[in-house]
2 protein chains.
Amino acid sequence: MAASTLSEVARLAGVSLATASRVLNGSSRKPAEDIAERVREAADKLGYVPNAQAQALAKSSSGLIGLIVHDIADPYFAAIARGVQEAARQQNRMVLLASTSGAAQDEKEAVAAFAARRADSIVIAGSRSVRAEDKQGNIELAAELDRYCRNGGHVGVVGHPVVGASTTEGYHVVKVPNEELAAGLAADLAATHHGDFLIIAGPEGLYTSDDRVRGFQRGLADAGKPAAEVIRTGFNRAGGYEAGLALADRIKASAERLCIFAVNDVMAIGVTAALRPEGVWIPRDATIAGFDDIETLRDFRPALSTVHLPLEDIGRLAAGDPDTPPVSGVVKLRRSTETPVESQA
Amino acid sequence: MAASTLSEVARLAGVSLATASRVLNGSSRKPAEDIAERVREAADKLGYVPNAQAQALAKSSSGLIGLIVHDIADPYFAAIARGVQEAARQQNRMVLLASTSGAAQDEKEAVAAFAARRADSIVIAGSRSVRAEDKQGNIELAAELDRYCRNGGHVGVVGHPVVGASTTEGYHVVKVPNEELAAGLAADLAATHHGDFLIIAGPEGLYTSDDRVRGFQRGLADAGKPAAEVIRTGFNRAGGYEAGLALADRIKASAERLCIFAVNDVMAIGVTAALRPEGVWIPRDATIAGFDDIETLRDFRPALSTVHLPLEDIGRLAAGDPDTPPVSGVVKLRRSTETPVESQA
DNA sequence: GTCATGTGGGAAAGCGCATTCCCGTTGCAA
DNA sequence: TTGCAACGGGAATGCGCTTTCCCACATGAC
């Protein structure tokens with residue numbers, strides 16, 4: 001049994017298709033109340049559910065908003081997704097999800113799929129990359145996006161413009177002041193930490209990571225500190241863990257406390273997790289700060305110093321919500337970078 | 001400029017609509033290679049992207065799979081969402097997301113919206129509830145689902161059947177052995193813990209919570225222990241936090257260590273977070289176990305004893321992936337329920 | 001050479017709906 | 001009473017595509 005159609009409803013109510021349509025879906029023309037009532041009754045009796053596909057086809061507007069993330073189970077993206085979801089809800093739309101694990105090629109396919117579904121707008125979260133292996137993918141992605149925009153689509157990108165995208169109509173970037181905030185974090189840390197700094201970053205070419213590294217270094221420089229050494233690894237917990245493992249001996253051997261900046265929270269957690277079984281305690285033997293202020297991680301101990309980012313707002317902004325304030329982060333210094341009492345003075 | 005259509009492609013290639021369709025979208029009839037090539041070239045030149053809406057309308061199959069969660073930012077749901085997403089990818093579909101914060105009324109609307117989009121199948125994650133205030137909502141939800149199934153839709157529900165749903169064709173439940181696993185957890189804990197047990201549960205009527213409570217009590221009984229006191233609170237971190245606050249004094253006053261079972265991990269984390277500033281240390285002053293084994297929480301210290309649930313698999317199963325093994329959880333005893341050395345013997 | 005068979009392309013009929021015309025009614029002013 | 005505008009309902013068209021049906025042609029066997 002297929003779902004009942006509008007024409008069935010119209011027939012049962014004894015009215016024309018047009019009238020039934022006008023009654024059931026908001027039209028500017030309002031049929032008389034008695035007729036409307038008859039139509040509604042008929043629809044109710046048949047359990048009529050309008051076919052959104054057909055509506056979309058007829059009106060050429062799908063009520064869909066596409067969301068592209070690396071991994072929906074990553075709390076960073078999940079938080080953004082929540083914001084997008086909320087904005088969609090307000091706009092009376094639904095969100096279409098695509099996970100791509102960050103490959104530009106996959107993202108291109110996702111954009112094409114969204115375009116095929118005639119999504120009203122597309123949100124791309126997740127860091128852009130200029131790595132060589134992504135070059136071809138980036139070009140194709142940019143072309144696909146460009147085409148989508150020219151066909152009237154709206155695109156919201158979190159963080160950085162898609163590499164090579166010519167800024168066309170309907171394309172907007174939610175800027176995240178990664179560099180400034182990282183600089184701020186460095187400044188705050190430099191105020192109390194007197195030893196070396198070390199940065200655990202994602203792979204080179206990842207914009208978000210690179211921005212944060214640059215900002216942090218600038219902050220250090222402004223504070224009159226020497227540049228920090230940079231270790232490159234995966235942009236996730238596993239990457240942090242690995243780096244932590246590699247670092248343990250060095251920390252234990254050194255007399256001075258090291259201040260580690262991991263370019264995102266989950267990496268910082270990974271570092272901490274690797275260091276702990278090695279007997280390296282935070283903040284006693286080393287201090288560490290992250291970035292993002294992931295909600296699920298706030299109960300970690302030692303509480304992680306980080307930079308708070310309004311991820312939900314970012315999602316809302318990218319989804320085109322006009323009432324959301326612009327992105328502004330806040331440095332949160334917590335226990336993980338506290339200077340222990342015995343080493344003060 | 002609207003996207004180019006199939007008929008434009010056909011015209012440019014000098015073939016009929018039918019032929020173009022057969023070339024570009026998998027049909028059983030394969031046009032001759034030279035013609036096919038011409039069509040593909042034309043499509044390429046025009047940047048043709050098939051209109052999935054129109055395709056869906058014509059073949060009455062949308063390639064959409066709807067996912068209903070309470071909150072996509074909750075790591076539990078995010079993990080399930082990842083599984084659903086993967087299954088969708090394998091089936092060459094896209095997932096449509098809806099967050100409802102658990103209200104049956106909202107879920108009903110989400111189902112209706114999915115039905116309107118002619119989603120091929122719907123996955124409902126999140127706990128069902130028999131609370132009085134959800135009664136009406138549940139009835140409507142069941143009716144909506146029933147209608148959707150009769151119209152040929154497939155529904156996968158995580159955990160428990162929707163209250164009042166008559167098991168129709170196309171309706172399947174991914175059973176999660178909450179009760180058995182909770183019993184297993186209780187048995188394992190009872191083997192080493194000799195004091196009282198206490199359960200921090202979600203609101204009464206929430207199936208998942210109730211099952212875990214019942215299972216835990218049964219496990220205690222089987223081990224010859226008296227039933228645990230049950231505290232009811234919110235099924236989230238805030239609920240756990242509140243309960244922890246209320247519990248702190250009692251724990252401090254008591255000479256005996258209490259073993260707390262929070263019915264999910266985030267609640268357990270909430271409890272721990274509330275207890276910590278009160279000077280109550282886990283596992284020294286009390287032990288605690290959770291449920292779900294949320295990935296993001298695995299780096300918490302003390303490591304949380306819990307029951308591992310294959311959340312991604314659950315998502316995959318609910319999305320109708322046939323290759324996924326059935327759900328089986330595992331009790332994970334970790335540091336949070338370890339008996340400290342000084343109190344042994 | 002004829003007819004059955006098969007092959008491959010095209011015309012056309014929808015899929016379910018919104019919307020533009022079109023036309024019969026009604027209300028009101030002149 | 002007539003004329004005109006405003007109103008409200010219906011027929012028909014089209015959104016972009018799939019698919020059935022039909023037909024022209026080529027091929028083979030007899």
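Lettering follows sequence order; numbering is per chain, from 1.
Between B:L6 atom CG and C:dA11 atom P there is a gap of 14 Å when expressed in whole angstrom units. Atom P of nucleotide C:dG16 and atom NZ of A:K59 are separated by 17 Å, given to the nearest angstrom. When rounded to the nearest whole Å, the span between CZ of B:R11 and P of C:dG10 equals 14 Å. As a whole-Å value, the separation of A:N51 CG from D:dC15 P is 18 Å. Between A:R118 atom CZ and D:dG16 atom C1' the separation is 8 Å, expressed in whole Å. Counting to the nearest Å, the P atom of C:dC17 and the CD atom of B:Q53 are 14 Å from each other. Distance A:L17 CG to D:dG14 C1': 13 Å, rounded to the nearest Å. Note: CD1 (A:I35) to C1' (D:dC7) measures 12 Å, nearest angstrom.
Mapped onto DNA chain C by nearest heavy atom, B:A58 and A:A18 fall at different nucleotides, with B:A58 at the one closer to the 5' end.
Test B:L24, B:I35, B:V9 against B:R40 for side-chain contact (heavy atoms from CB on, under 4.5 Å) and you get one pass: B:L24.
In this structure, B:D134 contributes its side chain and B:S129 its backbone to no donor-acceptor pair below 3.5 Å. Side-chain atoms of B:N51 come within 3.5 Å of backbone N or O of B:A54 as a donor-acceptor pair.
End-to-end axis angle of the helix from C:dG1-D:dC30 to C:dA30-D:dT1, using five pairs per end and rounding to 10°, comes to 50°.
A close approach under 4.0 Å does not occur between any side-chain nitrogen or oxygen of A:S60 and OP1 or OP2 of D:dC15. Between B:S16 and the phosphate of C:dA11, there is no side-chain N or O to OP1/OP2 separation shorter than 4.0 Å. The side chain of A:Q55 places an N or O atom within less than 4.0 Å of a non-bridging phosphate oxygen (OP1 or OP2) of C:dA18. Distances shown here put every side-chain N or O of A:T19 at or beyond 4.0 Å from the OP1 or OP2 atom of D:dG9.
Residue B:V155 comes nearest to B:C149 through the heavy atom pair CG2-SG, 3.6 Å, listed as atom of the first residue, atom of the second, then distance.
One N or O donor and one acceptor, one from the side chain of A:R22 and one from the base of D:dG10, sit under 3.5 Å apart.
Taking the charged nitrogens against the carboxylate oxygens, B:R147 and B:E144 do have a contact shorter than 4.0 Å, which makes a salt bridge. Salt bridge status for B:R150 with B:D146: present, with a side-chain N to carboxylate O gap under 4.0 Å.
Listed nucleotides C:dT20, C:dG16, D:dC17 differ in distance to A:L57; the shortest reach to its side chain belongs to C:dG16.
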Report all side-chain donor-acceptor pairs from residues 313-322 of chain A shorter than 3.5 Å, counting only partners two or more places apart or in another chain.
unit_1: A:D313; atom_1: OD1; unit_2: A:R316; atom_2: NH1; d: 2.7
unit_1: A:R316; atom_1: NE; unit_2: A:E86; atom_2: OE1; d: 3.3
unit_1: A:R316; atom_1: NH2; unit_2: A:E86; atom_2: OE1; d: 2.5
unit_1: A:D321; atom_1: OD1; unit_2: A:D323; atom_2: N; d: 2.7
unit_1: A:D321; atom_1: OD1; unit_2: A:T324; atom_2: N; d: 3.4
unit_1: A:D321; atom_1: OD1; unit_2: A:T324; atom_2: OG1; d: 3.3

